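All figures in this text were calculated on a predicted structure; none of them were measured in a lab. So that the names make sense, note that chain A is the first sequence line, chain B the second, and so on, each numbered from 1. Just the heavy atoms: all of them, side chains too, but no hydrogens, waters or symmetry mates, feed the values below.
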Number of protein chains: 2
Amino acid sequence: MTTDSARRAPSSAPAGSTRQAQKQRTREKLMDAALDLMEAGRGFSSLSLREVTREAGVVPAAFYRHFRDLDELGLALVEAAGVTLRRLLREARRQGLPPTQVLRSSVLIYKNYVKQNHRYFRFAASARGGGSPAIRKAIRIEESHFANEMAQDMRDMNLMPRLSMDTLSLICGLVVTTMMNAATDILDLPEGQAQAETEMTENFILQLRLIFLGARSWSPGR
Amino acid sequence: MTTDSARRAPSSAPAGSTRQAQKQRTREKLMDAALDLMEAGRGFSSLSLREVTREAGVVPAAFYRHFRDLDELGLALVEAAGVTLRRLLREARRQGLPPTQVLRSSVLIYKNYVKQNHRYFRFAASARGGGSPAIRKAIRIEESHFANEMAQDMRDMNLMPRLSMDTLSLICGLVVTTMMNAATDILDLPEGQAQAETEMTENFILQLRLIFLGARSWSPGR
DNA sequence: GACAATAGTGAACACTCGTTTACTCAAAGT
DNA sequence: ACTTTGAGTAAACGAGTGTTCACTATTGTC
């Protein structure tokens, strides 16, 4: 009887919102739920549809309004993770390289970035090898896009101008692999073990240095 | 009534065998069953206990005579995969390095080895990121053991004598990561696409060359 | 040759699973 | 103001899940 309009909405719309906006919100709730469930260390392929909907606070049947099956949700997560990854590259591009200790500071930035967006990295790490073939392929494609973009950036910044674009892509491919591998190391770091952390970080830096050292003495004509 | 003794064994013992030998055989049947189920591209973490026992031709309850749960079976598989991996190293050690084109021929040998033992590599690739924390950790340990062994071999063969053991381990760690990554590429190769295969192989060779080029110009004192 | 140990069986349990169906009821379209 | 649309609900289904228990029958031991 009051003018309170929120009372009249027991189920779906929680507040002012267009229809498709609300749908989008539920879609994101489902994706978030999947990411949340993986935070305990479980792999994406061990999640169940009902679990995800339960975590999202939605009835199982509602799932089908958004995805055909878990695989399709996984593909959506791959895309979201890809966007997250590109954002890293874009930020690095915008602020330019720090004058000294380029490698070390890049690694530190990356480490923080992985920790901040650990949900996406955890998903990627778990589905990269363990997911369905479709998801694996999507991740692989996303990675190579990222590597190519990175190579293009290096060309634009006139780093290693002697090297062909193909060679730059090769190098970046190796860098990306190393980065993804380091990401899983970062995520599995035991809490509060400062020593293990710096050790891992130092190792990561040295690996990248090794790669770029190789790049520097790479003969351009193969 | 006949002297045929095989007739009298409808369930357990199929032929002449000691008790623990038969148990060992069933244990291997379970592990093989898990590997078989993964050949379709499924990840280890999506297998169910009943599926595995069904594939092994054994009743579900029998599983518990061998493993506490699937995780424990996974750990046994990690160990078996580790043995397989070491065998590669041992063979390479025994026959020594081919005089020319060391890298290229090593890669070809490795490629064949991965294809021959694809079941273990598929398992490792799927459980490396997607498995339970315990399994992931076990794989990580196995990999670093392998890298250290490889580094020790390089020292023994007097390759890169300028470099410290720590540096060699670092290099080999990167090599192992690259190898594992290449293994999943090899396994996902579409059948009969010769061009994609040589392309992937060439890329793999170049990545390793890049690493060793970096190693050659690595300054020993850090 | 009787006895204990145990690898594998078969049935049952209490769940969880993915999917389908008919439904409600607020938003969007007219 | 009405009708249409469709996101989310509630309930049910059949199938598959992990685990338990009492059991059978063969191997190894005294």
Spatial distance of atom OG1 (A:Thr84) from atom CZ (A:Phe121) [nearest 0.5 Å]: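 Output value for this atom pair is 7.5 Å.
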Which residues pass the side-chain contact (heavy atoms from CB on, under 4.5 Å) test with B:Ile141, not counting sequence neighbours?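 Once residues adjacent in sequence are excluded, the partners of B:Ile141 under the side-chain contact (heavy atoms from CB on, under 4.5 Å) criterion are B:Lys137, B:His145.
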Which residues satisfy the ring pair (Phe, Tyr, Trp, His ring centres under 6.0 Å) test with A:Tyr113, sequence neighbours excluded?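 With sequence neighbours excluded, A:Tyr113 shows a ring pair (Phe, Tyr, Trp, His ring centres under 6.0 Å) to no residue whatsoever.
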With B:Phe63, which residues qualify under ring pair (Phe, Tyr, Trp, His ring centres under 6.0 Å), at least two apart?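 B:Phe63: ring pair (Phe, Tyr, Trp, His ring centres under 6.0 Å) contacts with B:Phe67.
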With a 4.0 Å cut-off on heavy atoms, is A:Tyr64 in touch with a base, just the backbone sugar-phosphate, or nothing at all?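 Touches a base.
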Within the structure shown, what part of the strands sits under 4.0 Å from A:Arg27 by heavy-atom distance: base, sugar-phosphate, or nothing?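 Contact class for A:Arg27: none.
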Which pairs with one or both residues in residues 177-187 of chain A pass salt bridge (charged side-chain N to carboxylate O under 4.0 Å, His left out), sequence neighbours excluded?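 Listed once each, the pairs are A:Asp185-B:Arg140.
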Could you check A:Ala61 against A:Glu51 and say which one's nearest nucleotide on DNA chain C is further toward the 5' end?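 Closest to the 5' end, via its nearest nucleotide, is A:Glu51.
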Of all the nucleotides listed (D:dA7, C:dT20, C:dT19), which has the minimum atom distance to the side chain of A:Thr26?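 Given the options D:dA7, C:dT20, C:dT19, the side chain of A:Thr26 is closest to D:dA7.
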From the list D:dT17, C:dA7, C:dG10, which nucleotide is the closest neighbour of the side chain of B:Lys23?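 Minimum distance to the B:Lys23 side chain belongs to C:dA7.
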How long is the line joining CZ of B:Arg65 and C1' of D:dC23, in whole Å?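 Distance, rounded to whole Å: 11 Å.
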DNA chain D-proximal residues of residues 31-50 of chain B, any heavy atom under 4.0 Å: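 Those residues whose heavy atoms fall under 4.0 Å from DNA chain D, taken from residues 31-50 of chain B in numerical order, are B:Ser48, B:Leu49, B:Arg50.
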Protein-nucleotides 28-30 of chain C N/O pairs closer than 3.5 Å?
unit_1 : atom_1 : unit_2  : atom_2 : d
C:dA28 : OP1    : A:Arg19 : N      : 2.8

